[in-house]
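Written out below as C-alpha coordinates is the structure these notes cover.
Keep in mind it's a predicted model, so treat the numbers as computed, not measured.
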Amino acid sequence: MAELVKDKESGVAAAGGGEMDIEHSRTFLEARSEEELLSGIKKEVEAGRLPPNVAAGMEEFYRNYKNAIFQSGDPAAAETVLSNMAVALDLMLLDVKDPFVFQPYHKALREPFDYYMFGQNYIRPLIDFRNSYVGNHSLFYEIEEKLKQGHNAVLFSNHQTEADPAVIALLLEKTNPHIAENLIYVAGDRVITDPLCKPFSMGRNLICVYSKKHMFDVPELADMKRKANIRSLKEMALLLRTGSKLVWIAPSGGRDRPDPVTGEWNPAPFDSSSVDNMRRLIESSGAPGHMYPLALLCYDIMPPPSKVEKETGERRIISFHGAGLSVAPEIAANCEKSEEVKDVYTQALYKSVTEQYNVLKSAIHGKQGLEASTAGIALSQPWN
(Lines give C-alpha, C1' and ligand atoms only; values in the text may rest on other atoms or scores of the structure.)
Protein backbone atom coordinates (compact mmCIF):
# COMPACT_ATOMS: atom_id res chain seq x y z
CA MET A 1 0.00 0.00 0.00
CA ALA A 2 2.95 2.32 0.61
CA GLU A 3 3.84 2.00 -3.08
CA LEU A 4 0.22 2.70 -4.01
CA VAL A 5 0.25 5.90 -1.98
CA LYS A 6 3.56 6.92 -3.52
CA ASP A 7 2.08 6.42 -7.00
CA LYS A 8 -0.94 8.41 -5.93
CA GLU A 9 1.14 11.36 -4.83
CA SER A 10 3.22 11.38 -7.96
CA GLY A 11 0.68 10.98 -10.69
CA VAL A 12 -3.02 10.69 -9.97
CA ALA A 13 -3.72 14.21 -11.17
CA ALA A 14 -3.03 13.18 -14.75
CA ALA A 15 -5.38 10.22 -14.42
CA GLY A 16 -8.18 12.50 -13.23
CA GLY A 17 -7.62 14.99 -16.00
CA GLY A 18 -6.65 18.05 -13.96
CA GLU A 19 -4.05 19.68 -11.76
CA MET A 20 -3.75 18.83 -8.07
CA ASP A 21 -1.94 21.01 -5.56
CA ILE A 22 0.22 19.43 -2.87
CA GLU A 23 -1.96 20.64 0.00
CA HIS A 24 -5.02 18.95 -1.53
CA SER A 25 -3.18 15.66 -1.92
CA ARG A 26 -1.87 15.67 1.67
CA THR A 27 -5.29 16.04 3.32
CA PHE A 28 -5.81 12.30 3.65
CA LEU A 29 -2.58 10.70 2.45
CA GLU A 30 -0.58 12.04 5.38
CA ALA A 31 -3.20 11.04 7.98
CA ARG A 32 -1.76 8.70 10.60
CA SER A 33 -4.91 8.00 12.59
CA GLU A 34 -8.68 7.76 12.34
CA GLU A 35 -8.98 11.15 14.00
CA GLU A 36 -6.80 12.77 11.34
CA LEU A 37 -8.82 11.17 8.52
CA LEU A 38 -12.16 12.30 9.90
CA SER A 39 -10.89 15.77 10.77
CA GLY A 40 -9.60 15.99 7.20
CA ILE A 41 -13.16 15.53 5.93
CA LYS A 42 -14.37 18.34 8.17
CA LYS A 43 -11.52 20.62 7.10
CA GLU A 44 -12.37 20.12 3.41
CA VAL A 45 -16.01 21.00 4.11
CA GLU A 46 -14.98 24.14 6.01
CA ALA A 47 -12.67 25.12 3.15
CA GLY A 48 -15.58 24.84 0.71
CA ARG A 49 -13.92 22.05 -1.29
CA LEU A 50 -16.32 19.31 -0.24
CA PRO A 51 -20.16 19.45 -0.22
CA PRO A 52 -21.60 18.48 3.20
CA ASN A 53 -23.72 15.66 1.76
CA VAL A 54 -20.69 14.07 0.07
CA ALA A 55 -18.68 14.52 3.27
CA ALA A 56 -21.37 12.74 5.27
CA GLY A 57 -21.26 9.86 2.78
CA MET A 58 -17.47 9.66 3.03
CA GLU A 59 -17.58 9.52 6.82
CA GLU A 60 -20.24 6.82 6.80
CA PHE A 61 -18.25 4.93 4.17
CA TYR A 62 -15.22 5.04 6.47
CA ARG A 63 -17.08 3.80 9.54
CA ASN A 64 -18.84 0.97 7.70
CA TYR A 65 -15.60 -0.13 6.02
CA LYS A 66 -13.82 -0.10 9.37
CA ASN A 67 -16.51 -2.25 11.01
CA ALA A 68 -16.41 -4.74 8.13
CA ILE A 69 -12.62 -5.11 8.14
CA PHE A 70 -12.59 -5.64 11.92
CA GLN A 71 -15.19 -8.42 11.44
CA SER A 72 -12.50 -10.39 9.60
CA GLY A 73 -10.38 -10.78 12.71
CA ASP A 74 -7.27 -9.75 10.77
CA PRO A 75 -4.61 -8.57 13.25
CA ALA A 76 -3.60 -5.89 10.72
CA ALA A 77 -7.19 -4.60 10.39
CA ALA A 78 -6.46 -1.13 11.77
CA GLU A 79 -3.56 -0.59 9.36
CA THR A 80 -5.61 -1.90 6.42
CA VAL A 81 -8.50 0.44 7.19
CA LEU A 82 -6.29 3.49 7.53
CA SER A 83 -4.21 2.89 4.40
CA ASN A 84 -7.09 1.87 2.13
CA MET A 85 -9.45 4.60 3.30
CA ALA A 86 -6.76 7.30 3.06
CA VAL A 87 -6.36 6.57 -0.65
CA ALA A 88 -10.12 6.12 -1.21
CA LEU A 89 -11.05 9.40 0.48
CA ASP A 90 -8.34 11.26 -1.41
CA LEU A 91 -9.58 9.92 -4.76
CA MET A 92 -13.16 10.86 -3.89
CA LEU A 93 -12.06 14.36 -2.97
CA LEU A 94 -10.05 14.66 -6.17
CA ASP A 95 -13.11 13.80 -8.24
CA VAL A 96 -15.24 16.38 -6.46
CA LYS A 97 -12.62 19.01 -7.28
CA ASP A 98 -11.96 17.83 -10.85
CA PRO A 99 -14.74 15.44 -11.96
CA PHE A 100 -13.63 12.65 -14.25
CA VAL A 101 -15.81 12.27 -17.36
CA PHE A 102 -16.33 8.74 -18.65
CA GLN A 103 -16.44 8.12 -22.39
CA PRO A 104 -18.91 5.59 -23.90
CA TYR A 105 -16.05 3.08 -23.81
CA HIS A 106 -13.82 3.57 -20.79
CA LYS A 107 -10.55 1.65 -20.60
CA ALA A 108 -9.28 0.97 -17.09
CA LEU A 109 -6.81 3.58 -15.86
CA ARG A 110 -3.65 1.71 -14.87
CA GLU A 111 -1.07 4.54 -14.94
CA PRO A 112 0.34 6.83 -13.73
CA PHE A 113 -1.94 5.65 -10.89
CA ASP A 114 -3.32 2.10 -10.96
CA TYR A 115 -7.04 2.47 -10.24
CA TYR A 116 -7.56 -1.26 -10.93
CA MET A 117 -5.21 -2.33 -8.13
CA PHE A 118 -6.69 0.33 -5.85
CA GLY A 119 -10.10 -1.35 -6.26
CA GLN A 120 -8.65 -4.83 -5.79
CA ASN A 121 -6.77 -3.85 -2.63
CA TYR A 122 -9.83 -2.10 -1.21
CA ILE A 123 -12.33 -4.94 -1.72
CA ARG A 124 -9.96 -7.91 -1.11
CA PRO A 125 -10.08 -7.72 2.73
CA LEU A 126 -13.90 -7.74 2.61
CA ILE A 127 -14.02 -11.23 1.08
CA ASP A 128 -13.94 -14.24 3.39
CA PHE A 129 -12.02 -16.53 1.04
CA ARG A 130 -12.41 -19.48 3.43
CA ASN A 131 -16.15 -19.37 2.70
CA SER A 132 -16.02 -18.37 -0.97
CA TYR A 133 -16.38 -20.64 -3.99
CA VAL A 134 -16.10 -20.75 -7.78
CA GLY A 135 -18.35 -23.03 -9.80
CA ASN A 136 -17.06 -24.85 -12.90
CA HIS A 137 -13.69 -23.13 -12.74
CA SER A 138 -12.35 -25.13 -15.70
CA LEU A 139 -14.75 -23.25 -17.98
CA PHE A 140 -12.85 -20.03 -17.33
CA TYR A 141 -9.79 -21.70 -18.90
CA GLU A 142 -12.00 -22.66 -21.84
CA ILE A 143 -13.07 -19.05 -22.20
CA GLU A 144 -9.45 -17.88 -22.08
CA GLU A 145 -8.54 -20.29 -24.89
CA LYS A 146 -11.37 -18.99 -27.07
CA LEU A 147 -10.20 -15.42 -26.47
CA LYS A 148 -6.66 -16.38 -27.51
CA GLN A 149 -8.12 -17.75 -30.76
CA GLY A 150 -9.72 -14.38 -31.54
CA HIS A 151 -13.22 -15.33 -30.42
CA ASN A 152 -15.56 -13.07 -28.45
CA ALA A 153 -17.50 -14.19 -25.38
CA VAL A 154 -20.33 -12.71 -23.31
CA LEU A 155 -21.14 -13.48 -19.69
CA PHE A 156 -24.88 -13.02 -19.03
CA SER A 157 -25.02 -12.48 -15.29
CA ASN A 158 -27.10 -11.38 -12.37
CA HIS A 159 -25.87 -8.22 -10.65
CA GLN A 160 -25.72 -7.79 -6.88
CA THR A 161 -23.45 -4.96 -5.74
CA GLU A 162 -21.30 -2.05 -6.83
CA ALA A 163 -18.37 -4.30 -5.90
CA ASP A 164 -19.28 -7.04 -8.44
CA PRO A 165 -16.37 -6.27 -10.83
CA ALA A 166 -13.85 -6.45 -7.98
CA VAL A 167 -15.40 -9.64 -6.58
CA ILE A 168 -15.22 -11.35 -9.99
CA ALA A 169 -11.62 -10.23 -10.48
CA LEU A 170 -10.56 -11.22 -6.96
CA LEU A 171 -12.01 -14.74 -7.23
CA LEU A 172 -10.12 -15.22 -10.52
CA GLU A 173 -6.98 -13.13 -10.08
CA LYS A 174 -4.64 -15.99 -9.11
CA THR A 175 -5.71 -18.46 -11.79
CA ASN A 176 -7.19 -16.34 -14.59
CA PRO A 177 -5.57 -12.88 -14.41
CA HIS A 178 -6.25 -12.21 -18.10
CA ILE A 179 -10.00 -12.46 -17.50
CA ALA A 180 -9.76 -10.53 -14.23
CA GLU A 181 -7.99 -7.57 -15.83
CA ASN A 182 -9.51 -7.51 -19.32
CA LEU A 183 -13.19 -8.17 -18.70
CA ILE A 184 -15.38 -5.37 -20.10
CA TYR A 185 -18.43 -4.48 -18.01
CA VAL A 186 -21.64 -2.98 -19.36
CA ALA A 187 -22.16 -0.39 -16.61
CA GLY A 188 -25.09 1.83 -15.69
CA ASP A 189 -24.71 5.56 -15.19
CA ARG A 190 -24.98 5.33 -11.39
CA VAL A 191 -21.42 4.00 -11.00
CA ILE A 192 -19.95 6.73 -13.20
CA THR A 193 -21.68 9.70 -11.58
CA ASP A 194 -21.55 9.08 -7.81
CA PRO A 195 -18.28 10.58 -6.46
CA LEU A 196 -18.03 7.82 -3.84
CA CYS A 197 -18.19 5.16 -6.55
CA LYS A 198 -16.33 6.74 -9.46
CA PRO A 199 -12.74 6.00 -8.33
CA PHE A 200 -13.59 2.28 -8.28
CA SER A 201 -15.22 2.48 -11.72
CA MET A 202 -12.18 4.22 -13.18
CA GLY A 203 -10.18 1.02 -12.67
CA ARG A 204 -12.51 -1.15 -14.82
CA ASN A 205 -13.10 -1.50 -18.54
CA LEU A 206 -16.62 -0.16 -19.07
CA ILE A 207 -19.22 0.28 -21.75
CA CYS A 208 -21.29 3.06 -20.18
CA VAL A 209 -25.06 2.94 -20.65
CA TYR A 210 -28.19 4.34 -19.05
CA SER A 211 -30.30 1.66 -17.38
CA LYS A 212 -33.91 1.23 -18.45
CA LYS A 213 -34.84 1.48 -14.78
CA HIS A 214 -33.61 5.08 -14.70
CA MET A 215 -34.37 6.14 -18.27
CA PHE A 216 -37.29 8.36 -17.26
CA ASP A 217 -36.17 9.51 -13.80
CA VAL A 218 -35.86 12.96 -15.39
CA PRO A 219 -38.22 12.88 -18.41
CA GLU A 220 -36.54 15.73 -20.27
CA LEU A 221 -33.25 13.78 -20.26
CA ALA A 222 -34.71 10.59 -21.72
CA ASP A 223 -33.86 11.49 -25.33
CA MET A 224 -30.26 12.33 -24.40
CA LYS A 225 -29.94 9.00 -22.59
CA ARG A 226 -31.27 7.04 -25.57
CA LYS A 227 -28.78 8.74 -27.90
CA ALA A 228 -25.95 8.06 -25.44
CA ASN A 229 -26.92 4.38 -25.37
CA ILE A 230 -26.81 4.24 -29.18
CA ARG A 231 -23.26 5.67 -29.10
CA SER A 232 -22.26 3.05 -26.53
CA LEU A 233 -23.71 0.24 -28.66
CA LYS A 234 -21.66 1.49 -31.61
CA GLU A 235 -18.53 1.44 -29.43
CA MET A 236 -19.38 -2.11 -28.39
CA ALA A 237 -19.79 -3.17 -32.02
CA LEU A 238 -16.39 -1.70 -32.93
CA LEU A 239 -14.72 -3.49 -30.02
CA LEU A 240 -16.24 -6.86 -30.90
CA ARG A 241 -15.08 -6.58 -34.51
CA THR A 242 -11.48 -6.73 -33.31
CA GLY A 243 -12.15 -10.08 -31.59
CA SER A 244 -10.77 -11.50 -28.34
CA LYS A 245 -13.22 -9.50 -26.22
CA LEU A 246 -14.97 -10.73 -23.08
CA VAL A 247 -18.07 -8.76 -22.02
CA TRP A 248 -20.08 -8.96 -18.80
CA ILE A 249 -23.70 -7.80 -18.91
CA ALA A 250 -26.59 -7.92 -16.45
CA PRO A 251 -29.73 -8.28 -18.64
CA SER A 252 -31.93 -7.46 -15.64
CA GLY A 253 -30.89 -3.83 -16.04
CA GLY A 254 -29.82 -3.43 -12.41
CA ARG A 255 -28.96 -5.07 -9.13
CA ASP A 256 -30.87 -7.93 -7.51
CA ARG A 257 -33.13 -6.92 -4.61
CA PRO A 258 -34.51 -8.94 -1.70
CA ASP A 259 -38.08 -10.19 -1.90
CA PRO A 260 -40.14 -7.63 0.09
CA VAL A 261 -42.10 -10.41 1.81
CA THR A 262 -39.57 -13.18 2.44
CA GLY A 263 -36.36 -11.14 2.42
CA GLU A 264 -34.80 -13.81 0.17
CA TRP A 265 -32.35 -12.79 -2.55
CA ASN A 266 -32.61 -14.28 -6.03
CA PRO A 267 -31.39 -13.20 -9.47
CA ALA A 268 -33.66 -10.54 -10.97
CA PRO A 269 -35.44 -11.63 -14.19
CA PHE A 270 -33.58 -11.03 -17.46
CA ASP A 271 -34.89 -8.66 -20.12
CA SER A 272 -35.14 -10.46 -23.46
CA SER A 273 -34.46 -7.32 -25.51
CA SER A 274 -31.15 -6.77 -23.68
CA VAL A 275 -30.15 -10.38 -24.29
CA ASP A 276 -31.13 -10.17 -27.95
CA ASN A 277 -29.27 -6.90 -28.52
CA MET A 278 -26.11 -8.51 -27.16
CA ARG A 279 -26.66 -11.63 -29.24
CA ARG A 280 -27.01 -9.58 -32.42
CA LEU A 281 -23.86 -7.61 -31.66
CA ILE A 282 -21.94 -10.86 -31.19
CA GLU A 283 -23.32 -12.43 -34.36
CA SER A 284 -22.56 -9.36 -36.50
CA SER A 285 -19.02 -8.89 -35.19
CA GLY A 286 -17.39 -11.10 -37.80
CA ALA A 287 -15.61 -13.12 -35.10
CA PRO A 288 -16.89 -16.36 -33.56
CA GLY A 289 -18.95 -15.64 -30.46
CA HIS A 290 -19.96 -17.54 -27.33
CA MET A 291 -22.58 -16.83 -24.67
CA TYR A 292 -22.25 -18.12 -21.12
CA PRO A 293 -24.59 -17.85 -18.11
CA LEU A 294 -22.80 -16.55 -15.01
CA ALA A 295 -24.01 -16.39 -11.41
CA LEU A 296 -22.79 -14.08 -8.66
CA LEU A 297 -23.55 -14.23 -4.96
CA CYS A 298 -21.96 -11.39 -2.99
CA TYR A 299 -24.76 -9.13 -1.79
CA ASP A 300 -23.68 -9.41 1.85
CA ILE A 301 -20.48 -7.50 1.09
CA MET A 302 -22.21 -4.31 -0.08
CA PRO A 303 -25.98 -4.74 -0.48
CA PRO A 304 -27.92 -2.15 -2.50
CA PRO A 305 -30.91 -0.25 -1.07
CA SER A 306 -33.99 -2.47 -0.78
CA LYS A 307 -35.73 -0.40 -3.47
CA VAL A 308 -34.50 1.31 -6.64
CA GLU A 309 -33.66 4.94 -5.84
CA LYS A 310 -33.76 7.83 -8.30
CA GLU A 311 -31.05 9.88 -6.63
CA THR A 312 -27.40 8.95 -6.40
CA GLY A 313 -25.63 8.99 -3.04
CA GLU A 314 -27.04 5.78 -1.55
CA ARG A 315 -25.87 4.54 1.85
CA ARG A 316 -23.02 2.01 1.67
CA ILE A 317 -23.57 -0.87 4.08
CA ILE A 318 -20.43 -3.04 4.10
CA SER A 319 -19.67 -6.47 5.58
CA PHE A 320 -16.95 -9.13 5.62
CA HIS A 321 -18.47 -12.22 3.99
CA GLY A 322 -17.99 -15.15 1.67
CA ALA A 323 -18.77 -14.70 -2.04
CA GLY A 324 -19.49 -16.97 -4.96
CA LEU A 325 -19.01 -17.02 -8.72
CA SER A 326 -20.11 -19.73 -11.14
CA VAL A 327 -20.21 -20.18 -14.90
CA ALA A 328 -22.06 -22.82 -16.90
CA PRO A 329 -21.44 -24.19 -20.42
CA GLU A 330 -22.34 -21.79 -23.20
CA ILE A 331 -25.87 -21.80 -24.51
CA ALA A 332 -26.19 -21.41 -28.27
CA ALA A 333 -28.94 -19.14 -29.58
CA ASN A 334 -31.55 -20.49 -31.98
CA CYS A 335 -31.14 -19.10 -35.48
CA GLU A 336 -34.83 -18.17 -35.55
CA LYS A 337 -35.53 -14.59 -34.53
CA SER A 338 -39.18 -14.62 -33.41
CA GLU A 339 -40.17 -12.98 -30.14
CA GLU A 340 -41.10 -16.38 -28.73
CA VAL A 341 -37.64 -17.77 -29.50
CA LYS A 342 -35.99 -14.71 -27.93
CA ASP A 343 -37.99 -15.24 -24.75
CA VAL A 344 -37.21 -18.96 -24.64
CA TYR A 345 -33.48 -18.28 -25.04
CA THR A 346 -33.53 -15.59 -22.37
CA GLN A 347 -35.31 -17.94 -19.98
CA ALA A 348 -32.72 -20.67 -20.67
CA LEU A 349 -29.93 -18.28 -19.64
CA TYR A 350 -31.85 -17.11 -16.59
CA LYS A 351 -32.67 -20.66 -15.51
CA SER A 352 -28.99 -21.61 -15.63
CA VAL A 353 -27.98 -18.52 -13.64
CA THR A 354 -30.63 -19.29 -11.02
CA GLU A 355 -29.55 -22.92 -10.71
CA GLN A 356 -25.94 -21.88 -10.22
CA TYR A 357 -26.96 -19.19 -7.76
CA ASN A 358 -28.85 -21.71 -5.63
CA VAL A 359 -25.79 -23.96 -5.46
CA LEU A 360 -23.65 -21.00 -4.35
CA LYS A 361 -26.32 -20.11 -1.78
CA SER A 362 -26.21 -23.65 -0.36
CA ALA A 363 -22.43 -23.54 -0.19
CA ILE A 364 -22.14 -20.12 1.45
CA HIS A 365 -25.36 -19.45 3.37
CA GLY A 366 -26.27 -23.09 3.86
CA LYS A 367 -22.74 -23.79 5.15
CA GLN A 368 -22.44 -26.86 2.89
CA GLY A 369 -19.21 -25.68 1.32
CA LEU A 370 -17.77 -27.84 -1.44
CA GLU A 371 -20.38 -30.51 -0.70
CA ALA A 372 -23.02 -28.26 -2.29
CA SER A 373 -21.58 -29.24 -5.70
CA THR A 374 -23.95 -30.95 -8.12
CA ALA A 375 -23.50 -33.07 -11.25
CA GLY A 376 -23.44 -29.91 -13.38
CA ILE A 377 -21.83 -27.41 -11.00
CA ALA A 378 -18.49 -28.35 -9.45
CA LEU A 379 -17.38 -25.96 -6.71
CA SER A 380 -13.77 -25.25 -5.87
CA GLN A 381 -11.51 -22.72 -4.15
CA PRO A 382 -8.87 -22.15 -6.82
CA TRP A 383 -6.87 -19.72 -4.66
CA ASN A 384 -5.95 -22.60 -2.30
Side-chain angles (χ1 to χ4, degrees), residues 1-2 4-68 81-103 106 109 112-115 118-119 121-122 162-163 187-204 206 208 214 217-218 220-221 224 302 305 309-318:
M1 182 52 69
L4 190 59
V5 172
K6 184 177 179 181
D7 287 346
K8 167 68 179 68
E9 292 173 338
S10 66
V12 75
E19 297 297 326
M20 181 195 297
D21 58 66
I22 297 299
E23 182 181 356
H24 173 105
S25 178
R26 302 295 187 215
T27 299
F28 299 113
L29 294 181
E30 289 193 342
R32 294 294 176 263
S33 67
E34 174 180 294
E35 290 74 22
E36 289 183 17
L37 273 184
L38 297 180
S39 66
I41 295 175
K42 293 178 182 177
K43 288 177 182 177
E44 292 297 332
V45 173
E46 292 168 357
R49 291 188 289 262
L50 192 60
N53 64 318
V54 177
M58 290 167 70
E59 184 169 340
E60 181 183 50
F61 210 157
Y62 171 83
R63 297 191 186 283
N64 288 345
Y65 187 72
K66 173 187 174 181
N67 291 339
V81 171
L82 182 62
S83 58
N84 283 357
M85 283 304 310
V87 178
L89 294 176
D90 186 68
L91 294 176
M92 294 169 189
L93 179 60
L94 169 65
D95 193 73
V96 169
K97 178 182 178 183
D98 183 17
F100 183 84
V101 178
F102 288 82
Q103 299 302 311
H106 168 77
L109 296 176
F113 175 78
D114 195 335
Y115 281 86
F118 154 69
N121 290 336
Y122 189 91
E162 292 176 332
D189 59 297
R190 317 285 283 186
V191 299
I192 62 172
T193 54
D194 190 325
L196 271 60
C197 192
K198 287 174 69 176
F200 299 94
S201 300
M202 289 161 70
R204 307 292 159 177
L206 306 177
C208 304
H214 297 287
D217 285 355
V218 183
E220 55 267 30
L221 296 180
M224 177 277 291
M302 199 178 291
E309 298 179 348
K310 287 187 177 183
E311 302 298 325
T312 57
E314 67 187 56
R315 296 186 62 197
R316 267 74 181 191
I317 300 169
I318 308 171

Taking atom OH of Y115 and atom CZ of R204, what is their separation to the nearest 0.5 Å?
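So the gap between those two atoms works out to 13.5 Å.
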Hey, could you give me the SG/CE distance between C197 and M202, rounded to the nearest 0.5 Å?
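CE of M202 is found 11.5 Å from SG of C197.
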Parallel, tilted or perpendicular: which fits the ring planes of F100 and H106, with parallel below 30° and perpendicular above 60°?
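Judged by the thresholds at 30° and 60°, the geometry between F100 and H106 is perpendicular.
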Over 60° means perpendicular and under 30° means parallel, so classify the ring planes of F118 and Y122, tilted if in between.
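Aromatic pair Y122/F118 classed tilted.
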Checking I318 against N67 for the side chain to side chain contact (heavy atoms under 4.5 Å, CB included) test, could you report, in this order, the C-alpha distance in whole Å, the side-chain angles of both residues, the deciding distance, and whether it holds?
CA-CA 8 Å; I318 308 171; N67 291 339; over 6 Å; no
Exercise: identify the closest heavy-atom pair between [X] and [Y]:
X   : Y    : value
F28 : G40  : CE2-C, 3.8 Å
E36 : E30  : OE1-O, 3.7 Å
A86 : L37  : CA-CD2, 3.9 Å
A55 : L50  : CB-CD2, 3.8 Å
V81 : Y62  : CG1-CE1, 3.7 Å
M92 : P195 : CG-O, 3.6 Å

Looking only at atom types and distance, does a side-chain atom of [X] sit under 3.5 Å from a main-chain N or O of [Y], one as donor and one as acceptor?
X    : Y    : answer
N121 : N84  : no
R63  : F61  : no
S201 : I192 : no

Looking at residues at least two apart in the chain, or sitting in another chain, which of them share a side-chain hydrogen bond (donor to acceptor under 3.5 Å, both in side chains) with Q103?
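Partners of Q103 under the side-chain hydrogen bond (donor to acceptor under 3.5 Å, both in side chains) test: none.
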I want to check something: taking the side chain as every heavy atom from C-beta on, are F200 and E162 in contact at a cut-off of under 4.5 Å?
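Result no, sub-4.5 Å side-chain heavy-atom pair not found.
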Could you walk me through whether L38 and E59 pass the side chain to side chain contact (heavy atoms under 4.5 Å, CB included) test, one step at a time?
CA-CA 7 Å; L38 297 180; E59 184 169 340; 3.9 Å; yes
Could you walk me through whether M58 and L196 satisfy the side chain to side chain contact (heavy atoms under 4.5 Å, CB included) test, starting with their C-alpha distance in whole Å, then the side-chain angles of each, then the deciding distance to 0.1 Å, before giving a yes or no?
CA-CA 7 Å; M58 290 167 70; L196 271 60; 4.0 Å; yes
